[in-house]
Amino acid sequence: MSFELTAEQRAIREAVREFGESEIRPIAKEYNEAERYPEELRQAAAELDLVAPHIPEAYGGAGMDWVSTVIVTEELWRADPGVGGSIAAADFGTGMILEYGDEWMREAWLPRVTGGETPIATCISEPAHGSNVAGMSTRAERDGDEYVINGDKMWITNGTVADVYIVMAKTSPEDGHAGITAFLTEADRDGIEASRITNKLGIHAQDTAEVRFDGLRVPAENVVGEVDRGFYQLMEFFAPARADVAGQATGVAQAALDAAVAYATEREQFDQPIAEFQAIRHKLAEMATDIEAARSLAYRAGAAIDAGDTDEATRLASMAKLFASEHAVDVTDEAIQVHGGAGYVDDHPVERHYRDARITKIYDGTSEIQKNIIAEQYL
């Protein structure tokens with residue numbers, strides 16, 4: 001199956017790449033070392049329609065298709081997974097509001113996200129429940145016109161910097177996955193305590209948090225979609241999320257290849273650039289091939305989402321995430337090898353790329369979960 005980007009999609013790629021090279025790369029190391037969230041850069045990216053670009057123009061977005069959205073994510077991660085990734089992750093939860101939220105929710109929050117005023121956080125994972133979403137312990141009990149939410153959430157992207165959350169909680173605990181509901185809440189309400197996680201292996205500039213809910217009261221009108229349908233609503237967004245992670249992995253792998261090529265052409269051993277040695281050339285060739293295959297799968301997954309082919313989108317998105325994330329770790333590892341000892345220290349970006357790439361094998365469904373999903377399509 002051939003796949004070719006449109007002129008508009010190529011223009012989007014060039015625009016994001018220019019922004020990444022001029023605005024993100026020069027400060028990426030500084031932000032990652034300081035574990036500083038790039039608030040100002042997120043706002044600057046919003047002015048270029050790079051925050052939540054899939055959101056319709058009516059709510060301040062660019063109305064991009066999913067292939068274009070994957071391209072934006074890929075290029076932001078190519079610039080830097082920590083800083084660029086923070087910009088790409090600012091929309092994590094907008095899909096739920098757009099598809100299932102009431103109009104007042106869309107009007108109140110989507111323009112604030114696309115305009116760079118705030119990111120959004122979606123609270124799903126828990127300290128004891130990651131891949132097993134249905135096993136979550138957080139509870140939401142009805143009390144008159146409100147729900148009272150109690151529980152702990154873990155690994156929450158944007159947890160300490162977002163002004164708004166989507167919270168997944170059980171409203172009918174006895175029904176397992178069929179008893180989960182999505183709630184919208186402002187982050188500054190009483191009963192919410194968010195603390196940033198700072199001992200991560202990579203993506204240091206990205207905000208990741210533990211969020212505790214202790215007697216949080218949310219109006220019943222803040223239910224997103226239907227009561228006890230939250231799990232099913234959430235499942236509809238895993239294909240786009242996984243295609244997006246495939247774009248992330250492709251971007252950081254490309255950054256590592258770029259760095260390896262530059263180093264190999266400059267570094268000399270035995271009176272010649274190391275790029276002249278077959279061993280290095282073969283490494284670069286294999287890295288480039290893996291990246292191109294990952295990119296193809298990511299774009300095909302985006303195209304299936306755009307076509308509304310749910311089964312094909314689910315299959316290709318899981319394949320794309322699995323392949324791209326696994327090979328991103330391989331490619332970044334080989335980039336360090338090309339650099340030799342210089343790649344093991346932070347004088348060069350490849351050690352950071354290696355650490356940053358590793359998360360793509362874990363979140364939005366581990367590689368093992370993706371294999372199960374893929375296998376189900378054939379059995």
Side-chain angles (χ1 to χ4, degrees), residues 51-52 54-56 58-61 89-115 117-126 129 133-134 136-159 161-173 175-192 194 209 211-213 215-241 244 305 310 364:
V51 176
H54 62 284
I55 297 297
Y59 303 109
D91 69 343
F92 190 45
T94 55
M96 182 73 79
I97 295 178
L98 183 63
E99 186 68 24
Y100 291 104
D102 294 334
E103 184 60 24
W104 71 264
M105 297 179 183
R106 301 188 192 101
E107 293 179 354
W109 289 107
L110 294 182
R112 295 181 64 180
V113 174
T114 57
E117 184 176 342
T118 180
I120 183 173
T122 297
C123 303
I124 305 171
S125 295
E126 299 183 355
H129 303 284
V133 175
M136 68 175 58
S137 303
T138 301
R139 300 288 188 264
E141 298 182 357
R142 185 74 183 249
D143 182 18
D145 293 332
E146 297 178 315
Y147 282 88
V148 182
I149 301 177
N150 290 282
D152 290 353
K153 296 295 184 178
M154 197 70 168
W155 317 119
I156 306 307
T157 300
N158 303 323
V161 295
D163 291 343
V164 62
Y165 295 158
I166 299 292
V167 182
M168 308 301 294
K170 282 190 174 177
T171 40
S172 299
D175 293 333
H177 68 271
I180 296 173
T181 301
F183 297 89
L184 182 145
T185 181
E186 298 91 339
D188 60 356
R189 282 180 175 269
D190 291 338
I192 299 177
V211 183
R212 295 184 176 180
F213 302 100
L216 169 67
R217 288 186 170 270
V218 177
E221 67 179 11
N222 282 35
V223 168
V224 183
E226 299 180 35
V227 174
D228 291 340
R229 295 292 299 176
F231 177 84
Y232 303 103
Q233 294 168 190
L234 184 64
M235 290 301 103
E236 294 187 21
F237 300 106
F238 271 130
D244 197 66
I305 295 167
T310 302
D364 280 303

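Basis for what follows: all heavy atoms, side chains included, without hydrogens, waters or symmetry-related copies.
Residues Asp91 and His54 are in side-chain contact: their nearest non-hydrogen atoms beyond the backbone lie under 4.5 Å apart. Counting heavy atoms from C-beta outward, Tyr165 and Val211 have side chains that approach closer than 4.5 Å. Counting heavy atoms from C-beta on, the side chains of Thr181 and Asp228 come closer than 4.5 Å. Two residues are said to be in side-chain contact when any heavy atoms from C-beta on lie closer than 4.5 Å; Leu234 and Ile124 meet this criterion. Side-chain contact between Tyr232 and Met235 is absent, with no heavy-atom pair separated by less than 4.5 Å. For the pair Lys153/Glu126, a side-chain contact is recorded, criterion being any heavy-atom separation below 4.5 Å from C-beta on. Within the 4.5 Å cutoff, no side-chain heavy atoms of Phe92 are placed close to those of Ile166. Tyr147 is not listed as a side-chain neighbour of Thr185, based on a closest heavy-atom distance of 4.5 Å or more.
Of all non-hydrogen atoms in Met168 and Gly230, the two that sit nearest each other are CE-O, 3.4 Å. Nearest heavy atoms, Gly95 versus Phe237: O-CZ, 3.2 Å. The two residues Thr157 and Ala121 come nearest to each other via the heavy atoms O-CB, 3.3 Å.
Checked by atom type and distance alone, the side chain of Thr94 never pairs as donor or acceptor with a backbone atom of Ile120 at under 3.5 Å. Of the possible polar contacts, none joining the Arg229 side chain to the Phe231 backbone as a donor-acceptor pair under 3.5 Å is found. Judged by distance alone, with hydrogens and angles left aside, the side-chain atoms of Thr171 form a donor-acceptor pair with the main-chain N or O of Gly179 at under 3.5 Å. Side-chain N or O atoms of Asp152 include none that pairs as donor or acceptor with a backbone N or O of Arg212 at under 3.5 Å.
Rounding to the nearest 0.5 Å gives a distance of 13.5 Å between CD of Glu146 and CD of Glu141.
Applying the salt bridge (charged side-chain N to carboxylate O under 4.0 Å, His left out) test to pairs two or more places apart or on separate chains, those with a residue in residues 176-188 are Glu186-Arg189. The salt bridge (charged side-chain N to carboxylate O under 4.0 Å, His left out) pairs that include a residue from residues 93-107 are Glu103-Arg106, where partners are two or more places apart or lie in different chains.
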